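Quick notes on the structure that follows.
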Amino acid sequence: MAGAGTEPRHAALWLYTLNEFPQQIYWAARLIAVLEEPPREGNGNLLHDLTHPSARWDKRAQQLLSAAGLPVRKPAQPPDNDWLCRTLLQGFPDRIAGNRGRFGIFQLANGVGAVTDESSPLGNENGLVAPLILQNEQYANARILRAVPFELSQLQDIAPHLLKTENRLTRDESRGTWQAWRAVTCGQLIIERRQLAAPSADIVREALLGWIGEQGLSVLTWRDESQQLLIRLQLAKIWFPEKTLPGGDDETLRETLAVWLSPYLNNVRNQQQLAGIDLYGALRQRLDWSQQQWLDTQFPRHFDVPTGSRIPVEYTLDKPPVMAVRIQEMYGVGETPSVAQGRLPVTVSLLSPAHRPIQVTADLKAFWAGSYREVQKEMKGRYPKHFWPDDPANAQPTKRVKKFM
């Protein structure tokens with residue numbers, strides 16, 4: 001390819017013709033000449049351009065043939081559409097185009113939308129191979145400059161390596177159920193689809209994994225404990241990069257979806273069953289026992305305060321973790337709680353007896369010695385039955401009102 005004297009896509013179709021259709025090598029050389037300097041006029045059909053008289057295309061074809069040590073001999077018969085399509089597929093498999101059901105509106109195998117000129121008869125075709133397109137960021141669709149008609153069903157015979165068979169799901173939004181179907185695809189194009197009346201559990205599981213991967217992880221029901229587990233894993237990567245743990249980021253989860261979620265998709269047939277999956281269990285089992293213990297030690301989900309209460313810790317990626325606890329239960333605690341071997345202090349949201357925030361602090365010792373006085377003065381009047389000591393740093397923590405202490 002490097003010695004062909006042209007760009008890689010063109011070199012690919014040149015070598016294919018040389019090996020498979022040597023009698024058409026002249027037309028391959030001329031095809032490259034047309035692709036390198038396409039005409040500005042015409043109806044867009046590349047086969048018509050290829051056989052059109054042109055001195056500059058003849059000269060370029062002669063250069064390519066001479067450089068390869070091949071005779072410059074024009075075949076008596078013109079090329080046909082079948083050879084041209086087969087040849088173009090070697091260099092432009094991503095430019096296979098399927099009609100979207102409207103004149104001139106196509107989708108390429110690479111996912112890009114494309115249109116033909118309004119006057120081009122190519123707009124009536126069900127399929128095309130379009131090696132020459134013009135893409136502009138200002139427009140949603142690319143413009144097809146040159147193409148040849150192509151029946152997408154031919155791919156099974158002439159380029160089966162471009163096809164993929166997979167099971168997919170279509171969701172019935174009103175019922176919250178799915179319909180399974182088998183698709184034969186070429187890149188982003190669906191070449192053939194067949195509904196599956198009674199799909200097996202394996203087929204449904206495969207299709208569900210594909211649907212979730214396509215729609216995104218947001219289609220799963222994310223409860224707080226599952227989200228917190230992922231955040232804790234990501235924090236572990238930040239604070240302990242040397243530690244080997246499963247990733248908690250979205251990209252990693254999508255790439256390994258079949259590994260961690262597949263066992264939990266057995267017998268899932270509708271949205272309600274999907275929402276009932278134990279996501280926390282699925283995610284946590286990615287860690288072995290020692291990894292689970294380490295994570296729970298370095299990034300605990302709860303702190304046990306002196307009164308015996310287990311206070312949840314809420315983690316975020318861009319802010320310190322937070323725990324919300326009634327102020328009376330933190331009396332006598334002089335050091336601010338921390339996680340990650342003391343590297344990450346926990347912000348404490350101190351609550352009133354009515355569980356309303358009255359102070360947020362990352363330094364309990366400074367709070368007891370400072371602004372607590374203002375809080376004490378206000379809270380004594382509002383909650384006279386509760387304990388508001390003058391020396392909270394050394395006072396007895398409590399969950400009770402004063403008369404039961």
Side-chain angles (χ1 to χ4, degrees), residues 1-98 106 108-109 116-117 119-134 144-163 186:
M1 290 176 68
T6 186
E7 66 172 85
R9 286 182 184 265
H10 300 166
L13 60 89
W14 166 266
L15 292 179
Y16 170 76
T17 303
L18 193 61
N19 292 325
E20 302 295 331
F21 296 92
Q23 73 278 12
Q24 300 285 16
I25 194 62
Y26 171 85
W27 293 115
R30 207 167 196 275
L31 174 60
I32 291 173
V34 175
L35 293 175
E36 289 178 341
E37 281 192 83
R40 295 183 180 180
E41 307 297 332
N43 63 4
N45 191 316
L46 191 56
L47 184 59
H48 294 167
D49 299 328
L50 188 58
T51 56
H52 186 77
S54 169
R56 73 176 189 276
W57 292 340
D58 289 339
K59 182 178 179 181
R60 176 56 174 151
Q62 291 171 8
Q63 290 176 345
L64 288 166
L65 292 165
S66 297
L70 297 169
V72 181
R73 191 165 48 242
K74 183 178 180 179
Q77 295 297 322
D80 59 22
N81 200 78
D82 180 72
W83 167 80
L84 185 53
C85 287
R86 289 173 182 266
T87 302
L88 288 173
L89 287 181
Q90 309 309 310
F92 300 90
D94 57 322
R95 303 283 177 81
I96 300 170
F106 291 83
L108 303 181
T116 60
D117 287 343
S119 60
S120 173
L122 294 174
N124 282 317
E125 301 291 341
N126 290 322
L128 303 170
V129 182
L132 292 176
I133 63 173
L134 179 63
I144 295 175
L145 302 179
R146 285 294 183 274
V148 288
F150 178 66
E151 287 297 328
L152 300 182
S153 58
Q154 288 182 267
L155 283 170
Q156 190 66 59
D157 295 325
I158 67 176
H161 62 284
L162 297 179
L163 299 178
C186 175

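From a predicted model like this one, the values you see are computed outputs, not experimental measurements.
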Distance-only donor-acceptor pairs under 3.5 Å for side chains of residues 32-42, two or more places apart:
| residue | atom | partner | partner atom | Å |
| --- | --- | --- | --- | --- |
| Glu36 | OE1 | Arg60 | NE | 2.7 |
| Glu36 | OE2 | Thr6 | OG1 | 3.0 |
| Glu36 | OE2 | Arg60 | NH2 | 3.0 |

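- In summary, of the residues considered (Leu31, Leu46, Ile144, Leu145), a side chain to side chain contact (heavy atoms under 4.5 Å, CB included) with Pro131 occurs for Leu46 alone.
- The side chain to side chain donor-acceptor pair (under 3.5 Å) search around Asn81 returns none, not counting sequence neighbours.
- Every residue was checked against the side chain to side chain donor-acceptor pair (under 3.5 Å) condition with Asn45, not counting sequence neighbours, and none meets it.
- Listed here is the closest heavy atom pair of Ala11 and Ala4: CB-CB, 3.8 Å.
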Given the rule in the side-chain contact (heavy atoms from CB on, under 4.5 Å) test, do Arg9 and Arg95 qualify, once you have shown the distances and angles that lead to the verdict?
CA-CA 12 Å; Arg9 286 182 184 265; Arg95 303 283 177 81; 4.0 Å; yes
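- Note: His52 NE2 to Trp57 CH2 = 6.5 Å, rounded to the nearest 0.5 Å.
- Here the shortest heavy-atom pairing between Ser66 and Val72 reads OG-CG2, 4.0 Å.
- For the residue pair Thr116 and Gly123, the shortest heavy atom distance occurs at OG1-CA, 3.5 Å.
- Minimum heavy-atom separation, Leu64 to Gly5: CD2-O, 4.4 Å.
- Using a 4.5 Å heavy-atom cutoff, the side chains of Phe150 and Val129 are in contact.
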Side-chain polar contacts of residues 82-92 - donor-acceptor pairs under 3.5 angstrom, sequence neighbours left out - could you list them?
| residue | atom | partner | partner atom | Å |
| --- | --- | --- | --- | --- |
| Asp82 | OD1 | Arg86 | NE | 3.4 |
| Asp82 | OD2 | Arg86 | NE | 3.0 |
| Trp83 | NE1 | Thr87 | OG1 | 3.0 |
| Thr87 | OG1 | Trp83 | O | 2.8 |
| Gln90 | NE2 | Arg86 | O | 2.9 |

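- If you take OG on Ser54 and NZ on Lys59, they are separated by 11.5 Å, rounding to the nearest 0.5 Å.
- Summarising the geometry of Leu108 relative to Ala97, their closest heavy-atom pair is CD2-CB, 3.6 Å, with the distance given to 0.1 Å.
- To the nearest 0.5 Å, atoms SG (Cys186) and CG (Leu152) are separated by 8.0 Å.
- Distance CZ/Phe106 to CD1/Ile96: 13.5 Å, rounded to 0.5 Å.
- In plain terms, the two heavy atoms of Leu122 and Gly44 that are nearest each other are CD1-O, 3.3 Å.
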Review item, side-chain donor-acceptor pairs of residues 16-27, under 3.5 Å, at least two apart:
| residue | atom | partner | partner atom | Å |
| --- | --- | --- | --- | --- |
| Thr17 | OG1 | Leu13 | O | 3.0 |
| Asn19 | ND2 | Leu15 | O | 3.1 |
| Tyr26 | OH | Asp58 | OD1 | 3.3 |
| Trp27 | NE1 | Gln77 | O | 3.4 |

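- Using a 4.5 Å cut-off on side-chain heavy atoms (C-beta onward), Pro121 and Asn43 make contact.
- Note on residues 69-81: no pairs pass salt bridge (charged side-chain N to carboxylate O under 4.0 Å, His left out), not counting sequence neighbours.
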